[in-house]
J.: 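Before I ask anything, let me first share the structure, which is written out below as C-alpha cells.
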Amino acid sequence: MSQNNLVYPVIWQNNSVSLIDQTRLPAEYSYVEIHRSQDMAQAIKTMIVRGAPAIGIAAAYGIYLGARESETSNRDEFIQHLEQVAQMLRETRPTAVNLFWAISRMLKATYETIGTVEEIKQTLLETAHAIHNEDLQTCHKIGDRGLSVLPETPEKLTLLTHCNAGGLATAGYGTALGVVRSAWREGRLSRLFADETRPRLQGAKLTTWECVQEGIPVTLITDSMAAHCMKQNLIHAVVVGADRIAANGDAANKIGTYSLAIVAKAHNVPFFVAAPLSTVDFSITDGRQIPIEERNSAEIYQVGETILTPEGVDYYNPAFDVTPAELITAIITEEGVLTPADLTKYQNKQMV
Ligand code: MRU
C-alpha cells in the first residue's frame, strides 16, 4: 500500500510482478511474487488477482514473462511460443473482456515490432507498463467524470456498490469505487453501502477494507437487503463496475448486479455502470453473447471448513450476470458519461 493509502494490486519490481494476494484480505495483507507466465495464469484463475482491469494488466505482464521464458532468437519460433502463452492466459477466466483486450494489444505490439526477438521483448515490457499506467489514469478520469452525473441532493450522498470495483480490481483508485473516492474527496459523500456479494464476498472482504484504509464511512449489507434499504430512502444512487459491456450497453458484472438494477429501477434510484472503454466488447451486439463463467460449487456450499448443505443437492454457480441496457441510467467512462446508445460512437477510440 502507498503512503496515501491507495491500493496498487499489481506492481512491477525487481524484474517480476508482485500481486496483492486478494484471497487473504482482509485478514492478511501480503504479496505474491510472480516470475513465470504459468504462475500468472494460476494467480488469475485462483483470484489472487481479480477484477476486470487488474486481470488485463496481470495478463499483459504474463505475456511479457512468457516472452522472457523463450530462449530462441528465431522470430517465428518466438511468436509461436508467445501464441501458446496467450492461449494459456485466455483460458483463465472467460467473462472479463479486459483479459482478451490486453492480450490482443500485447500480440499486436509483437507483430508490429520489426526487429530482433530481444527488441520485441523490450517492446512487450513497455506495452505492459503502458497498459498498467493508462489504467490508473483512466480510473481517475472515470472517478472525476462520475461527479457530474451523481444526483444533487440537499444532504450528502449515500451510494451503494456491489462486489469490488476498487483499487484492488484495477491499477489503483477503481472504477465504481473511483466515483465513490472522487465524491468523498469533493465532500459530497456521506457514506458507502457495500453489498457483501455472495459467494466470494468481495464486497464484505475487499470493498469495506479499501474504505477503511481511506477513512470512507462504509456500511455492509447482505445482497438481499438492498431493496429494503432503497425503500427506506437510504440510497441515492447505485454505482457498479463491469466485466464486459456489449455494443448495445448490456453489461456483465458480478452475479447479483442484475437483480440490484431491477430493484433500483423499482425504487427510482439511478443505476450507474462505471467502466473503461476497454471493457466494451464492440464485437458483440448484445449481452446474450457474453460468456458467463461458472465457478466451483464449493464456493456456494462451503463457508470456511463448514459444509452448509446436505448430500444430494445440486449446484449452479454462475459468477456473473448481465444487466440489460434499459436498466442502466448511464455508463461512466474515461471519455465521459454515456448513455448505452452512445457507446458505438466510441468504437474507434478503443485502443487495441
Ligand atoms: O470475480 P471478480 O471478483 O473478478 O469480479 C469482479 C467484478 O465483477 C467487478 O465488478 C468488475 O470486474 C469490475 S472491476 C473494476
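Throughout, numbering of the chain's residues begins at 1 and tracks the sequence. Remember, it's 1-based here, ligands and their atoms both numbered in the order they're listed.
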J.: When clusters are formed by joining ILVMFWY residues with side-chain heavy atoms under 4.5 Å apart, either directly or through shared neighbours, do V269 and L234 land in the same one?
T.: yes

J.: Looking only at side chains, do H81 and E69 share a donor and an acceptor under 3.5 Å apart?
T.: no

J.: Return the orientation label for the Y64 and W12 ring planes: parallel under 30°, perpendicular over 60°, tilted otherwise.
T.: perpendicular

J.: Determine, for K345 against E335, whether the closest basic-nitrogen to carboxylate-oxygen distance falls under 4.0 angstrom.
T.: no

J.: Which N/O atoms of ligand 1 sit under 3.5 Å from a protein N/O, and at what distances?
T.:
| from | atom 1 | to | atom 2 | distance (Å) |
| --- | --- | --- | --- | --- |
| ligand 1 | 1 (O) | R93 | NH1 | 3.4 |
| ligand 1 | 1 (O) | R93 | NH2 | 2.8 |
| ligand 1 | 1 (O) | K254 | NZ | 2.7 |
| ligand 1 | 3 (O) | R50 | NE | 2.8 |
| ligand 1 | 3 (O) | R50 | NH2 | 3.2 |
| ligand 1 | 3 (O) | Q202 | NE2 | 2.8 |
| ligand 1 | 4 (O) | G51 | N | 3.0 |
| ligand 1 | 4 (O) | R93 | NH1 | 2.8 |
| ligand 1 | 8 (O) | D243 | OD1 | 2.8 |
| ligand 1 | 8 (O) | N253 | OD1 | 3.1 |
| ligand 1 | 8 (O) | K254 | N | 3.3 |
| ligand 1 | 10 (O) | N253 | OD1 | 2.6 |
| ligand 1 | 12 (O) | A52 | N | 2.8 |
| ligand 1 | 12 (O) | D243 | OD1 | 3.2 |
| ligand 1 | 12 (O) | D243 | OD2 | 2.9 |

J.: Determine whether R93 and R295 make a side-chain contact, defined as any pair of heavy atoms from C-beta on separated by less than 4.5 Å.
T.: yes

J.: Charged N to carboxylate O below 4.0 Å: is that the case for E299 and R200?
T.: yes

